[in-house]
Amino acid sequence: WHRSKSSLSDVKERTLIAIKPDGVQRRLVGQIIQRFEQRGFKLVGLKMLQASQDILSEHYCDLRTKPFYSSLLRYMSSGPLVVMVWEGHNVVQTSRTMVGSTNPAEAQAGTVRGDFSIHVSRNVIHASDSVEGAQKEIQLWFQSKDLLDWDCWDQTSTSEV
Ligand code: GDP
Ligand code: MG
């Protein structure tokens with residue numbers, strides 16, 4: 001087949017996933033990445049960083065009136081994060097399902113939160129909650145030059161290799 005010309009309509013869906021400081025401390029990075037790879041999504045951006053208050057207050061601007069807001073920002077800046085962009089069909093909604101309910105007590109077994117956490121204040125992982133939200137979050141955390149548009153070999157015909 002011929003590689004389709006890129007146009008806005010066939011740009012693949014992307015989402016922002018962040019492993020929170022408790023996930024990094026508990027050495028869950030490998031297992032979490034494995035779940036997204038195994039499901040069939042494509043990693044297009046990855047970095048580890050200690051988040052500033054500025055980026056976190058922008059990231060969580062919708063929650064600034066919540067009583068847990070200041071403790072949330074302290075938690076999220078308490079250690080390094082692993083921030084990623086994953087791409088694929090329906091990746092925003094499927095990632096939310098893979099991550100599980102915000103409150104780990106309500107998260108199904110088999111989800112990241114349901115398998116690895118017990119309390120909402122230490123729930124291991126972030127996933128964007130809508131396609132528009134994902135676009136905003138990806139722009140906040142990544143420069144476009146750091147997102148790689150690469151072809152999976154197993155989805156490319158050998159004549160192109
Ligand atoms: P998410 O999209 O599932 O991460 O949930 P929200 O966007 O509603 O909240 C963002 C994050 O704030 C959650 O993942 C939790 O880390 C934290 N959070 C949400 N609700 C509570 C709460 O009631 N108490 C505390 N301590 N943290 C909360
Ligand atoms: Mg949210």
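Note that the coordinates shown come from a computational prediction; the quantities given were computed from them, not determined experimentally. Atoms within each ligand, like the ligands themselves, are counted from 1 in listed order.
Residues Val124 and Val112 have side chains in contact (heavy-atom distance under 4.5 Å, counting atoms from C-beta outward).
By the criterion of a heavy-atom distance under 4.0 Å, neither the backbone nor the side chain of Arg122 is placed next to ligand 1. Counting heavy atoms under 4.0 Å from ligand 1, residue Val120 touches it through both backbone and side chain. When non-hydrogen atoms are compared, ligand 1 lies under 4.0 Å from the side chain of Leu63 (C-beta onward) but not from its backbone. The proximity of Met76 to ligand 1, defined as any non-hydrogen pair under 4.0 Å, does not occur for either the backbone or the side chain.
In this structure, Lys42 satisfies the cation-pi test against Trp150, with its NZ or CZ atom closer than 6.0 Å to the six-membered ring centre and inside 45 degrees of the ring normal. Lys20 forms no cation-pi arrangement with Tyr75, by the criterion of a distance under 6.0 Å to the ring centre and an angle within 45° of the ring axis.
Contact analysis puts Arg113 in contact with ligand 1, with a non-hydrogen atom separation below 4.0 angstrom. Residue Lys20 places a heavy atom under 4.0 Å from ligand 1.
Nearest approach of Arg14 to Ala134, heavy atoms of both residues: O-CB, 3.4 Å.
Which parts of ligand 1 touch Tyr60 is read off a 4.0 Å heavy-atom cut-off, strictly below it: atoms 10 (C).
Ring planes of His126 and His59: perpendicular class, angle over 60° (limits at 30 and 60°).
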